Amino acid sequence: MVVAAAASQEILKPHLAIDGGHSLRGEIRVSGAKNSALVLMTAALLTEEPVELCNVPALTDIAGMCSILESLGMRVSRRDDRITLTADALNGTEPPYELVNSLRASFFSIGPLLGRLGHARVPLPGGCRIGARPVVEHIRGLKALGAVVDVRHGIVTASIPGRRNRLNGAQIVLDCPSVGATETILMAAVLADGVSTIENAAQEPEVQDLANLLNSMGAKISGAGGPLITIEGVAQLHGCRNYPVIPDRIEAGTFLMAAAITRSTLHVTPVIPEHLSAVLQKLRDCGCVLEVNGDGLTITPGDIQAVDITTQPFPGFPTDLQAPFMALMATAKGTSVISEKIYENRMQHVGELQRMGASIRLEGSTAIVEGVPFLGSAPVTGSDLRASAAMVLAGLSANGTTQVSGLKHLDRGYDNIEAKLTRCGARINRHNG
Ligand code: EPZ
């Protein structure tokens with residue numbers, strides 16, 4: 001009785017109703033990268049001149065970042081996939097807690113605010129469902145550049161001491177190749193006095209995209225995309241026109257897995273294969289044929305076999321595709337071992353996949369997945385952004401109609417996902433409850 005009541009409650013929430021078992025075909029478009037666009041937007045704090053980004057995805061996280069930047073006095077104008085950001089009248093340096101807490105990436109604004117204005121006060125972002133997510137490395141980097149940093153009552157206050165109005169170049173060695181810490185330090189160091197280096201830096205394509213934007217604004221950065229980044233500080237930066245955000249490799253990977261789980265041939269575009277090399281290798285290993293085709297990839301799945309994955313910093317297998325890949329492995333031939341090494345609590349999709357008939361045993365942050373011939377439909381909830389994507393994939397392959405709720409997570413990182421999949425033959429309806 002209680003289960004039925006709970007299930008009916010689920011159906012009342014905003015959800016996607018997915019009729020499974022339909023193959024996909026044709027071409028699916030990949031939007032600009034969420035995890036690049038968010039940090040590129042904060043980089044506009046570094047100059048008073050307009051910074052124009054294009055290929056910006058339509059996501060709730062992007063809207064959230066616009067609100068945070070506007071709360072600091074940034075002028076933001078949007079048209080289609082373009083955003084123009086002008087920080088010529090910043091009125092303060094403390095974004096509101098409730099906004100920062102809902103969008104971790106906004107913490108990275110502490111770098112450009114400190115680097116340009118010499119002070120910043122930013123609420124600690126706090127943890128989230130997938131892990132504690134500390135910002136120790138961000139703070140350590142800012143201190144190495146000469147800032148005085150104080151963490152009190154949940155607020156991080158950073159300032160340049162004395163009469164100086166610039167940070168000092170410094171050699172920084174990160175304890176872990178944190179994407180956010182690398183980006184925060186990069187944005188602080190570009191206006192520092194002297195040369196800085198970041199060793200054990202994050203090598204993600206989004207870090208490279210940030211360095212490319214900053215260089216087109218007059219910065220002097222070399223080595224981004226590798227483990228050692230060098231930044232020669234400059235006195236000021238200028239604006240930039242029409243900077244295109246890179247395609248979203250995580251959205252592209254999700255669509256490749258949607259094709260594999262429905263055993264469909266699909267063209268996914270645009271994709272930069274080097275941004276997904278570890279993922280493409282695992283898709284080949286599990287039985288898919290991948291062809292580079294124009295600025296995209298065509299995937300033709302064979303008989304999907306179980307393969308093991310371990311999530312790692314780039315160029316390893318991305319943690320953000322662990323959940324979607326597990327949904328695929330739940331329907332593969334054989335047993336796969338999936339180890340999550342980046343976040344301590346990113347296995348919440350396991351319970352929901354089990355509700356759909358998946359055979360998964362969890363040992364800490366390792367899942368042993370024994371593939372089953374078919375998943376069955378059920379009301380399921382996505383507990384975080386990528387878990388929600390895994391539910392959508394499982395729903396595409398399951399017998400019957402699956403109700404996926406938790407859409408507020410999904411919409412943070414996937415731009416009109418049901419419309420894109422429906423154009424390729426999926427049967428998905430959104431119910432706003
Ligand atoms: C970025 O988060 C992405 N978010 C995440 O994507 C992604 O999962 C992550 O990089 C790893 O690839 C954005 O870019 C907005 P990290 P970030 O700092 O920068 C530990 C998604 O689904 N760590 O590289 O916050 C940390 O706890 C999201 O789109 C420290 O220990 O990630 C984590 O275990 C989720 N100390 C690991 O490093 C620090 O000071 C990786 O975190 C900083 C991080």
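It should be emphasised that the depicted structure is a prediction, and the values quoted were computed from it without experimental measurement. In each ligand, atom 1 is the first atom listed, and ligand 1 is the first ligand listed.
A donor atom on one side chain and an acceptor atom on the other are not found under 3.5 Å apart for Thr230 and Thr197. Side chains of Asp308 and Ser336: no donor on one and acceptor on the other come within 3.5 Å. For Thr311 and Glu340, the side-chain atoms include at least one donor-acceptor pair closer than 3.5 Å.
Protein residues having at least one heavy atom under 4.0 Å from any atom of ligand 1 are Lys34, Asn35, Arg104, Ala105, Phe108, Ile130, Arg133, Pro134, Val135, Val136, Glu137, His138, Cys176, Ser178, Val179, Gly180, Thr319, Asp320, Ile342, Tyr343, Arg346, Leu385, Arg386, listed by chain and number.
Glu27 pairs by the salt bridge (Lys or Arg N to Asp or Glu O under 4.0 Å) definition with Arg29, not counting sequence neighbours. Residues passing the ring-ring contact (aromatic ring centres under 6.0 Å, His included) test with His275, sequence neighbours excluded: none.
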In residues 32-40, what donor-acceptor pairs under 3.5 Å come from side-chain atoms, sequence neighbours left out?
unit_1	atom_1	unit_2	atom_2	d
Ser36	OG	Asp209	OD2	2.6

